[in-house]
Amino acid sequence: MMKNKFIKLSILSLFITACSISNPLKKESKIIAKDCPQSLILYESRAFDFDDAIFELPTGYSLSCYLIEQESVVEISTNYSLNVRLKEKEKEKKIYKVNLIIFVTDQTKEIKIEEFQFSKELKIQDNDIDNFVFSYNDKIQIDLKTYNSGIKIFYAINKI
């Protein structure tokens, strides 16, 4: 009987000790908010026409930038919308495919550092409405050293 209590007490104490000691192999990422770089939508690539609709990337987008310290990268999250205006009311449902393109350049805008493309399918569901707004959030990651040297971000859309 005493031996069983000793074994139970030993197991319980080992369990409590194991739970209270942090795992040295487990690496936790620290995330720190950063100031976002200058960004803008390329004027020539902010809107385009399909045969029956006009697509626009409005300027009302927002950026959030975070340093992921463990990975030495800065994650840039972009909230934006794509507006679709039908030229004529559609008789059937339609799907449009477009690309959001994000260009990352150096401070002087002379060197393109990275280019990211995000394909979007815009499904027109309601035939009685002429204007549609599709909201999105996309994320890109930039190496911390590159980010700290100074970057600018440019947005564009095009047809697929």
Side-chain angles (χ1 to χ4, degrees), residues 19 22-160:
C19 290
S22 64
N23 184 350
L25 300 176
K26 183 180 175 186
K27 297 180 181 179
E28 294 186 23
S29 290
K30 188 173 179 183
I31 298 175
I32 302 167
K34 302 255 318 159
D35 288 333
C36 289
Q38 183 182 12
S39 64
L40 97 116
I41 296 173
L42 296 173
Y43 182 77
E44 303 83 23
S45 301
R46 67 178 176 75
F48 62 85
D49 281 356
F50 265 110
D51 294 333
D52 54 355
I54 298 172
F55 291 78
E56 181 186 23
L57 176 62
T59 57
Y61 64 92
S62 66
L63 296 176
S64 300
C65 302
Y66 301 96
L67 167 63
I68 303 173
E69 202 170 46
Q70 186 67 31
E71 299 174 22
S72 295
V73 296
V74 175
E75 183 171 274
I76 301 170
S77 176
T78 304
N79 292 309
Y80 64 97
S81 61
L82 294 174
N83 296 346
V84 179
R85 185 168 40 94
L86 298 177
K87 294 178 184 177
E88 300 174 9
K89 291 201 179 194
E90 291 293 313
K91 293 181 175 62
E92 60 186 56
K93 294 178 182 176
K94 195 150 190 179
I95 298 175
Y96 298 96
K97 294 182 180 183
V98 300
N99 261 348
L100 172 77
I101 304 169
I102 301 176
F103 300 96
V104 179
T105 69
D106 66 343
Q107 271 309 94
T108 64
K109 301 182 261 182
E110 293 178 7
I111 300 171
K112 182 170 74 171
I113 297 169
E114 294 249 12
E115 178 180 320
F116 302 92
Q117 293 193 22
F118 299 95
S119 298
K120 304 295 177 192
E121 281 192 359
L122 310 175
K123 296 178 184 177
I124 304 300
Q125 299 289 338
D126 190 346
N127 299 334
D128 296 329
I129 301 174
D130 292 338
N131 296 312
F132 296 86
V133 177
F134 297 88
S135 298
Y136 296 101
N137 174 278
D138 288 312
K139 295 177 172 125
I140 62 172
Q141 290 187 340
I142 304 294
D143 177 66
L144 179 60
K145 188 176 179 180
T146 303
Y147 187 89
N148 286 340
S149 68
I151 62 170
K152 291 190 178 186
I153 300 175
F154 298 93
Y155 296 89
I157 57 171
N158 69 359
K159 315 179 209 189
I160 295 180

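Note that these values count all heavy atoms, side chains included, but never hydrogens, waters or copies made by symmetry.
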Next item on the list: Please report the C-alpha distance between Ser77 and Asn137 in whole Å, then the side-chain angles of each, then the deciding distance to 0.1 Å, and finally whether the side chain to side chain donor-acceptor pair (under 3.5 Å) criterion is met.
Entry: CA-CA 7 Å; Ser77 176; Asn137 174 278; 2.9 Å; yes
Checklist line | Identified side-chain contact (heavy atoms from CB on, under 4.5 Å) counterpart of Val84 within the set Ile54, Val98, Ile124 | finding: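 The single option meeting the side-chain contact (heavy atoms from CB on, under 4.5 Å) with Val84 is Ile124.
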Next item on the list: Please name the residue in the list Ile160, Ile157, Asp138 that meets the side-chain contact (heavy atoms from CB on, under 4.5 Å) test with Lys120.
Entry: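 Running side-chain contact (heavy atoms from CB on, under 4.5 Å) over Ile160, Ile157, Asp138 with Lys120 returns exactly one hit, Asp138.
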Gap separating the [atom1] atom of [X] from the [atom2] atom of [Y], nearest 0.5 angstrom:
X: Phe118; Y: Asn99; atom1: CZ; atom2: CG; value: 10.0 Å
X: Asn83; Y: Phe55; atom1: CG; atom2: CZ; value: 10.5 Å
X: Ile142; Y: Asn148; atom1: CD1; atom2: CG; value: 12.0 Å
X: Ile76; Y: Lys139; atom1: CD1; atom2: NZ; value: 12.5 Å
X: Leu86; Y: Lys94; atom1: CG; atom2: NZ; value: 9.0 Å
X: Ile31; Y: Glu71; atom1: CD1; atom2: CD; value: 8.5 Å

Notebook entry, point to check: Taking atom types as modelled, is there a side-chain donor on Ser45 or Asn158 under 3.5 Å from an acceptor on the other?
Noted result: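 Ser45 vs Asn158: no donor-acceptor pair found between side chains.
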Check [X] against [Y] and note the closest heavy-atom contact, atom names and distance.
X: Tyr147; Y: Cys36; result: OH-CA, 3.6 Å
X: Ile41; Y: Leu57; result: CD1-O, 3.5 Å
X: Leu63; Y: Pro37; result: CD1-O, 4.1 Å
X: Gln117; Y: Ile101; result: CG-CG1, 4.0 Å

Strictly distance-based, threshold 3.5 Å: is any side-chain N or O of [X] a donor or acceptor partner for the main-chain N or O of [Y]?
X: Asp106; Y: Ile111; value: yes
X: Asp143; Y: Lys145; value: yes
X: Glu121; Y: Lys97; value: no

Next item on the list: Apply side-chain contact (heavy atoms from CB on, under 4.5 Å) to the pair Leu40 and Phe154, showing each step before the final yes or no.
Entry: CA-CA 5 Å; Leu40 97 116; Phe154 298 93; 3.3 Å; yes
Margin query: Is it the case that over 12 heavy atoms from other parts of the model lie below 6.0 angstrom from the NZ atom of Lys159?
Written below: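 For Lys159, atom NZ is crowded (more than 12 foreign heavy atoms under 6.0 Å).
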Margin query: Surrounding NZ of Lys109 (heavy atoms of other residues, nucleotides or ligands, distance under 6.0 Å), is the total greater than 12?
Written below: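 Atom NZ in Lys109 is not packed in, count stays at 12 or less.
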Check: Any side-chain heavy atom of Val133 sitting closer than 4.5 Å to one from Asn131?
Finding: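 Contact flag for Val133/Asn131 side chains = no.
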Check: Is there side-chain contact between Ile68 and Gln141, with at least one heavy-atom pair below 4.5 Å?
Finding: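 Counting from C-beta outward, Ile68 and Gln141 do come under 4.5 Å.
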Item checked: Of Tyr155, Tyr136, Tyr80, the residue whose pairing with Tyr61 passes ring pair (Phe, Tyr, Trp, His ring centres under 6.0 Å) ->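 Among Tyr155, Tyr136, Tyr80, the one meeting ring pair (Phe, Tyr, Trp, His ring centres under 6.0 Å) with Tyr61 is Tyr155.
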Item checked: side-chain contact (heavy atoms from CB on, under 4.5 Å) between Lys87 and Asp49, intermediate numbers included -> CA-CA 10 Å; Lys87 294 178 184 177; Asp49 281 356; 3.5 Å; yes
Check: What is the ring orientation for Phe50 with Tyr96, classed by angle as parallel under 30°, tilted 30 to 60°, or perpendicular over 60°?
Finding: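 Answer is tilted, since the angle falls between 30° and 60°.
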Check: Lys30 and Gln70: side-chain contact (heavy atoms from CB on, under 4.5 Å), yes or no, with the steps?
Finding: CA-CA 6 Å; Lys30 188 173 179 183; Gln70 186 67 31; over 6 Å; no
